[in-house]
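These numbers come from a predicted model, not from an experiment. Reckoned from all heavy atoms, side chains included, excluding hydrogens, waters and symmetry mates.
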Amino acid sequence: MNTSRRRFGLLLGAGPMLAGLSACGFQLRSAGDYPFKTLFANFSTNSPLGVELRRNLLGTGRITLLTEPAQMATADAVLDILSEERQQAVVGVNASGQVRELQLRLRVRFRLRTPQGQVLIEPVELSQQRDLSFTETAALSKEIEQATMYRDMQTDIVQQIMRRLSAVKPRPAATAKP
């Protein structure tokens with residue numbers, strides 16, 4: 001008898017807490033709603049960034065990705081990857097001048113436009129950086145760690161591009177004044 005009252009009390013107390021969580025505006029991230037159905041990929045679909053971007057675009061299930069130059073005129077939008085730059089800079093050395101810490105950087109510039117040249121997203125540069133400790137005795141494992149860090153930065157940048165693509169609002173075409 002006592003345990004049933006305790007359960008009832010717990011359920012009664014949990015009700016307002018659950019109602020509060022549902023009213024806080026929490027919502028799972030959705031796939032995004034894109035204002036275009038066909039997208040011309042004006043980037044290398046064989047580069048690591050291009051492969052991941054292509055996979056994410058096709059994974060939405062809402063975008064048809066066109067890659068042939070003859071198809072560009074039929075696309076709703078054109079995604080141009082203007083540059084992709086991977087850098088590494090030495091940021092720390094020991095007393096004998098050996099490298100102890102590197103900074104890895106990945107920068108990607110892109111824009112979105114219509115085939116007619118109307119800019120939907122102005123050229124934007126996205127960048128990521130990570131610090132990597134380095135030792136000569138573990139050079140091979142540090143090389144693998146470096147590749148993993150570049151892949152993580154690339155994934156972050158692709159996700160940022162996808163969010164920006166889903167936030168595009170189509171601009172009305174400019175009308176000619178008499």
Side-chain angles (χ1 to χ4, degrees), residues 21 24-69 72 75-114 119-170:
L21 280 177
C24 74
F26 177 77
Q27 182 181 7
L28 293 174
R29 187 178 296 165
S30 61
D33 191 21
Y34 300 93
F36 43 85
K37 301 291 182 222
T38 58
L39 179 70
F40 179 74
N42 197 11
F43 55 87
S44 172
T45 54
N46 296 329
S47 72
L49 179 78
V51 168
E52 186 160 355
L53 197 51
R54 177 186 168 98
R55 183 173 49 85
N56 277 273
L57 288 166
L58 292 174
T60 65
R62 300 175 183 186
I63 297 174
T64 303
L65 195 62
L66 308 174
T67 56
E68 296 297 320
M72 186 167 94
D76 295 333
V78 177
L79 177 62
D80 298 316
I81 299 296
L82 304 171
S83 67
E84 176 188 356
E85 193 176 338
R86 294 173 185 244
Q87 299 174 332
Q88 58 180 321
V90 176
V91 293
V93 292
N94 65 9
S96 62
Q98 293 177 326
V99 175
R100 287 293 168 222
E101 191 168 353
L102 295 170
Q103 188 174 69
L104 308 177
R105 299 180 190 133
L106 178 60
R107 294 181 185 179
V108 176
R109 283 181 38 94
F110 77 97
R111 74 174 173 197
L112 184 71
R113 61 184 173 88
T114 63
V119 177
L120 300 173
I121 298 177
E122 295 288 332
V124 177
E125 182 176 291
L126 302 174
S127 63
Q128 291 277 317
Q129 66 184 32
R130 303 282 194 276
D131 292 329
L132 173 68
S133 63
F134 187 78
T135 59
E136 286 293 325
T137 57
L140 185 59
S141 64
K142 290 298 177 178
E143 189 175 314
I144 294 169
E145 186 177 357
Q146 178 180 355
T148 302
M149 287 181 156
Y150 273 126
R151 192 170 44 251
D152 289 344
M153 290 188 288
Q154 174 182 293
T155 299
D156 287 347
I157 287 177
V158 166
Q159 291 304 314
Q160 288 182 44
I161 291 172
M162 295 298 291
R163 283 192 294 275
R164 288 174 189 239
L165 291 177
S166 69
V168 168
K169 302 292 183 234

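For residues 126-135, the salt bridge (Lys or Arg N to Asp or Glu O under 4.0 Å) pairs, not counting sequence neighbours, are Arg130-Asp156. Pairs of residues two or more places apart, or lying in two chains, that qualify as salt bridge (Lys or Arg N to Asp or Glu O under 4.0 Å) and include a residue from residues 76-97 are Asp80-Arg111, Asp80-Arg113, Glu84-Arg86.
To the nearest 0.5 Å, the span separating CG on Leu104 from CD on Gln129 amounts to 9.5 Å. Between the CD1 atom of Ile161 and the CG atom of Asn56 there is a distance of 9.5 Å, given to the nearest 0.5 Å. Residue Leu79 holds its CG atom at 12.0 Å from CG of Leu66, rounded to the nearest 0.5 Å.
The minimum heavy-atom distance linking Met162 with Tyr34 is given by the pair CE-OH, 3.2 Å. Val168 and Pro35 get closest at one heavy-atom pair: O-CG, 3.3 Å. Between Leu39 and Ala75, the shortest heavy-atom contact is C-CB, 4.3 Å. Heavy-atom minimum distance, Val90 versus Val93: CG1-CG1, 3.8 Å. When all heavy atoms are compared, the tightest approach of Phe110 to Arg164 is CZ-CD, 3.8 Å. The shortest non-hydrogen separation linking Thr45 to Val51 is O-CG2, 3.3 Å.
No side-chain heavy atom of Leu58 sits less than 4.5 Å from a side-chain heavy atom of Thr64. A 4.5 Å side-chain heavy-atom check between Leu49 and Val158 finds at least one atom pair inside the cut-off. At a threshold of 4.5 Å between non-hydrogen side-chain atoms, the residues Phe40 and Thr67 do not count as touching. Within the 4.5 Å cutoff, the side chain of Leu65 has heavy atoms near those of the Arg54 side chain. Under the 4.5 Å side-chain criterion, counting only non-hydrogen atoms from C-beta, Leu106 is not in contact with Ser127.
Remark: the Glu52 side chain and the Gln154 side chain contain an N/O donor-acceptor pair separated by less than 3.5 Å. Between the side chains of Ser96 and Asn94, at least one donor N or O lies within less than 3.5 Å of an accepting N or O.
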side-chain contact (heavy atoms from CB on, under 4.5 Å) for Ser83 and Glu125? Distances and angles first, verdict last.
CA-CA 9 Å; Ser83 67; Glu125 182 176 291; 5.7 Å; no

In sequence, state the C-alpha distance, the side-chain angles, and the governing distance for Gln128 and Gln160, and then conclude on side-chain contact (heavy atoms from CB on, under 4.5 Å).
CA-CA 11 Å; Gln128 291 277 317; Gln160 288 182 44; 3.2 Å; yes

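Arg100 is linked by a side-chain hydrogen bond (donor to acceptor under 3.5 Å, both in side chains) to Gln98, counting only residues two or more places apart in sequence or in another chain.
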